[in-house]
Every structure is written in structure tokens, then in C-alpha cells.
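All remarks here apply to the structure that follows.
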Amino acid sequence: MASIKAGRTIRRLLLLGIIAALGFYGWSEYQRMAREHPERFPWTELSLADPIGPFTGDKLAGLGNEPLRCLALVDEVALANNFAPPVANSEPACGYADGISMAALTIAPSPGDLVTACPIAAAMHLWARDVVAPAAATHLGTEVTAFTHLGSYNCRRLYGRTSGNWSRHATADALDISGFVLADGRRLTLLADWDGGSEAEQAFLREVRNGACELFSSTLSPDYNAAHADHFHLAMREEAVGWSACR
Ligand SMILES: [Zn+2]
């Protein structure tokens with residue numbers, strides 16, 4: 001009897017030891033993963049140096065509630081002082097205090113001399129680097145040297161109506177991208193090339209739209225409606241954590 005009991009105790013201790021070892025292994029594996037791939041976890045801090053992960057879009061949207069944190073993040077990837085002066089408007093729904101001058105960002109392609117709210121600038125940095133550049137290499141065999149756009153800040157309501165919700169453009173939290181200038185001299189526009197471009201050009205435009213959906217709270221493309229036939233509407237919405245529109 002005594003030896004049976006001793007055998008049970010040893011087996012229990014062994015089992016406990018295995019569980020403890022697995023727990024320790026799991027914990028150290030988790031710590032290694034969180035250190036090497038912080039973008040894979042929802043609770044790690046966003047860094048613009050990291051690649052895009054499944055929670056990057058939510059973290060970018062959350063920056064709308066943390067303007068100082070956003071400005072610090074963008075400052076890390078800026079060539080020069082990139083803060084734009086605040087803009088106020090007699091209409092209280094309009095204006096912004098977290099403007100970023102995109103020309104100062106180290107993104108290639110650059111949207112040029114354009115000011116957007118900080119979360120848009122942060123998302124554009126990742127979109128240009130991790131979506132647009134690889135898609136251009138894959139589908140077009142070249143680089144994108146510039147974006148063409150229809151602007152960001154615009155004190156207006158949705159679709160320019162006289163009443164109803166204000167557009168995200170009213171606070172520079174949206175940017176309309178109309179096309180891409182390529183290093184080989186081509187100029188792609190959404191209006192002409194979304195349906196009219198070569199197969200590769202159409203694939204490029206759809207891939208960069210799909211990639212934008214991972215980053216921006218709202219991505220509206222020519223697939224959505226006629227009002228967006230000539231541009232991608234890319235917008236951030238701080239209350240949109242856990243929610244996004246991709247059309
Ligand atoms: Zn727009």
C-alpha cells in the first residue's frame with residue numbers, strides 16, 4: 001500500500017512539475033513574442049517603427065483621444081519640425097489643433113505639402129511604407145513617387161449638405177487620395193484606372209484600398225458610390241476602436 005501511495009504522490013508531483021514548466025515556457029514565449037512582435041497584441045503600445053498588425057487600426061483610431069501621444073509618435077518619423085499651426089473656425093465643429101505637415105514626414109511617397117490631423121498622418125506613414133510601396137513593387141514593378149490628392153481640411157458637412165453630420169474633413173481627420181505618380185512616368189488616377197487601367201494597375205489599386213481598410217476607420221473607394229469614383233476617402237474616427245468601414 002505504501003509504495004502505491006508513494007507512486008501516486010510522485011505522479012502528482014511530476015504532473016504539477018509539467019504544468020509549472022509549461023506555464024513558465026508559455027509565459028516566457030509570450031514575453032518573447034510581445035517583445036519581437038508587439039503589433040500582434042491589442043494591449044501593447046503602438047510604434048510607427050513596427051509593421052502593421054491585427055490591432056494597428058484600432059490603436060491608430062485611439063490616437064484621436066491622445067493627441068500628445070500621437071504627436072510624439074509622428075515626431076519620431078519626421079525629417080523636420082512637422083507641426084502645423086492650429087486652425088480655428090467661426091463654426092465650432094471645424095478646425096484642428098493637431099495638424100501635421102506631411103511634407104516633413106519620412107514617407108515615400110509623400111503626399112507633398114499637405115496638412116492633416118495627426119492620426120491620419122500616422123496612418124499614412126504606415127500605409128505608404130507597408131501597403132503602397134510593396135503593392136507597387138508586386139503589381140507594377142516600380143515605385144510610387146507621389147500621391148495626388150483632393151485635400152484634407154474642409155469645413156463642411158457630409159456630402160456638402162447644409163444640415164446633418166459634419167464630415168471628418170471638418171477636423172482634417174480625412175484625406176482624399178486621387179491617384180499615384182509612378183517612378184516610370186505613369187500617373188494612375190482612380191477615375192481613369194480603377195476600371196480602365198491594365199489588369200496589374202487595377203490589382204494595385206484594389207490592393208492599396210484593401211490595405212487602407214486595415215489602417216483607417218473609414219475607407220471609401222470607387223466601389224462604394226459615384227461620389228467616390230475619383231478618390232479614396234481615408235478617415236480616422238477616435239470612437240471607432242473595434243469598428244471600421246471598408247467599401
Ligand atoms: Zn473625403
Side-chain angles (χ1 to χ4, degrees), residues 57-58 60-61 63-64 67 70 74 84 86-87 89 91-103 105 107 109-128 131-132 135 144 146-181 187-195 204-241 243-247:
D58 280 346
L60 286 166
L63 289 178
C70 185
V74 165
V87 166
N89 194 287
E91 167 50 58
C94 295
Y96 54 85
D98 62 342
I100 297 290
S101 171
M102 300 277 242
L105 296 187
I107 64 175
S110 164
D113 189 16
L114 169 74
V115 173
T116 72
C118 184
I120 289 284
M124 280 297 290
H125 179 81
L126 295 179
W127 189 54
V131 177
V132 175
V144 174
F147 294 101
T148 54
H149 65 83
L150 306 174
S152 175
Y153 176 64
N154 189 346
C155 182
R156 63 172 170 80
R157 296 174 195 266
L158 291 180
Y159 295 103
R161 292 174 189 137
T162 50
S163 63
N165 288 339
W166 288 90
S167 162
R168 298 303 289 166
H169 285 285
T171 49
D173 284 298
L175 169 59
D176 293 338
I177 295 288
S178 56
F180 304 84
V181 181
R187 297 178 74 93
L188 303 186
T189 66
L190 290 177
L191 191 60
D193 300 308
W194 183 259
D195 289 319
F204 165 77
L205 293 173
R206 278 153 185 81
E207 186 166 324
V208 298
R209 187 272 313 272
N210 295 345
C213 290
E214 302 294 312
L215 296 169
F216 295 89
S217 310
S218 299
T219 301
L220 304 179
S221 74
D223 277 348
Y224 180 44
N225 61 16
H228 296 85
D230 63 352
H231 67 278
F232 292 143
H233 168 85
L234 309 174
M236 296 306 285
R237 186 176 286 278
E238 60 272 20
E239 61 270 31
V241 175
W243 172 94
S244 70
C246 174
R247 298 185 174 100

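Counting starts at 1 for both ligands and their atoms, following the listed order.
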The Zn ion (ligand 1) to nearest N/O/S of H228 below 2.8 Å: no
D176: its N/O/S atom lying closest to the Zn ion (ligand 1) (atom name): OD1
Name, closest N/O/S atom of H233 to the Zn ion (ligand 1): ND1
Aromatic plane relationship, H228 with H231 - under 30° parallel, 30 to 60° tilted, over 60° perpendicular: tilted
Ring geometry between F147 and W127 (parallel below 30°, tilted from 30 to 60°, perpendicular above 60°): parallel
CA sep, side-chain torsions, deciding dist, call: D195, R206, salt bridge (Lys or Arg N to Asp or Glu O under 4.0 Å): CA-CA 10 Å; D195 289 319; R206 278 153 185 81; 3.4 Å; yes
side-chain contact (heavy atoms from CB on, under 4.5 Å) between F216 and S244, worked out: CA-CA 7 Å; F216 295 89; S244 70; over 6 Å; no
